Amino acid sequence: MKGLIFDIKKFALHDGPGIRTTVFLKGCPLNCLWCHNPESRCFDTESYIRVDKLDGKSFNKQKTIGNWMTVEEVIIEIEKDKMFYEESNGGVTFSGGEPFAQYEFLTGLLIVCRKKNIHTTVDTTGYIKREQLNKIHKLVDLFLYDLKHMDDKLHKKYTGVSNKLIIENLKWLSNRKSNIKIRFPVVPGYNDSEKNIDLMRFLLENLYPDVRHIDLLPYHKMAGSKAKRLGLKQQVGGIEEPDARKLGYIRKKFEEIGFTVGIGG
Ligand code: SF4
């Protein structure tokens, strides 16, 4: 079986505990207006022209995003840095796109990692069928779980899908005492309102008490320029990055309900 990978990042320090290898699976069922990984959305390989400059001349090079790999090939890449995982209590993180969208491939990877005693983190939107989550959740050592908006209508407008499954899956995982850290992409003008933060607080403070960490992921303008560079469609322009005062305010709101708060993931 092969899965579609768009990047493998070595020595990642912000995608879970310790030193990690982050494997990015291509394809996402969401379509966030502010997508920070535009090359990850499509469920197929994509081509773009890269312009390199040398001695005042321009050279066009066709590049492909996405690489079909077997479970064994990905595991070989992951195992290259096993020594660093052991030294730092690190491991592998599966990110995307939405890694659960390649459910069978991801299951294959998680089974081998468990056999080889490699710590696994899955960075997810939570948009996964319950039957699949039920089968796979015990193979995951840590979930990095994204919450984007509490208002269902706005969630649909901004991401293309309802938040109902996402919220219900989060509660379900929490009730099973899964190891979960929340991630909140802070996108000014879209999800940083007082009302949204308050609704998030209400949800989070009623989860199982071991879920007590949230990372605020400030929107970065780089997402827009990345899409342009790759010749991909940019959903919206002109989003500002959140300022330090706003991030400090949101941090305080989550600290008030007993959460530790990281900024930047
Ligand atoms: S969930 Fe992530 S990868 Fe998918 S569209 Fe949204 S920002 Fe992009």
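Whatever order the structure lists them in is the order used to number ligands and atoms, beginning at 1. Not measured: the values here are computed from a predicted model. All heavy atoms count here, side chains included; hydrogens, waters and symmetry mates do not.
The aromatic rings of Phe254 and Phe184 lie perpendicular to each other, with more than 60° between the two planes, well past the 30° mark. Using a 30° and 60° split on the angle between ring planes, Phe24 and Phe6 fall in the tilted class, from 30° to 60°.
Protein N/O/S atoms closer to atom 4 (Fe) of ligand 1 than 2.8 Å number 1 in this structure.
There is a side-chain donor-acceptor pair under 3.5 Å between Ser95 and Asp123.
Exactly one residue among Asp146, Asp152, Asp151 makes a salt bridge (charged side-chain N to carboxylate O under 4.0 Å, His left out) with Lys148. That residue is Asp146. Put simply, the residue from Leu4, Ile76, Ile75, Val74 that forms a side-chain contact (heavy atoms from CB on, under 4.5 Å) with Met69 is Val74.
Proximity of Leu173 to Tyr145: side-chain heavy atoms (C-beta onward) are separated by under 4.5 Å at one or more points.
Nearest protein heavy-atom contact of atom 2 (Fe) of ligand 1 is His36 CE1, 3.9 Å.
Listed by atom number, the atoms of ligand 1 under 4.0 Å from Lys148 heavy atoms are 1 (S).
Side-chain N or O atoms of Thr21 include none that pairs as donor or acceptor with a backbone N or O of Lys10 at under 3.5 Å.
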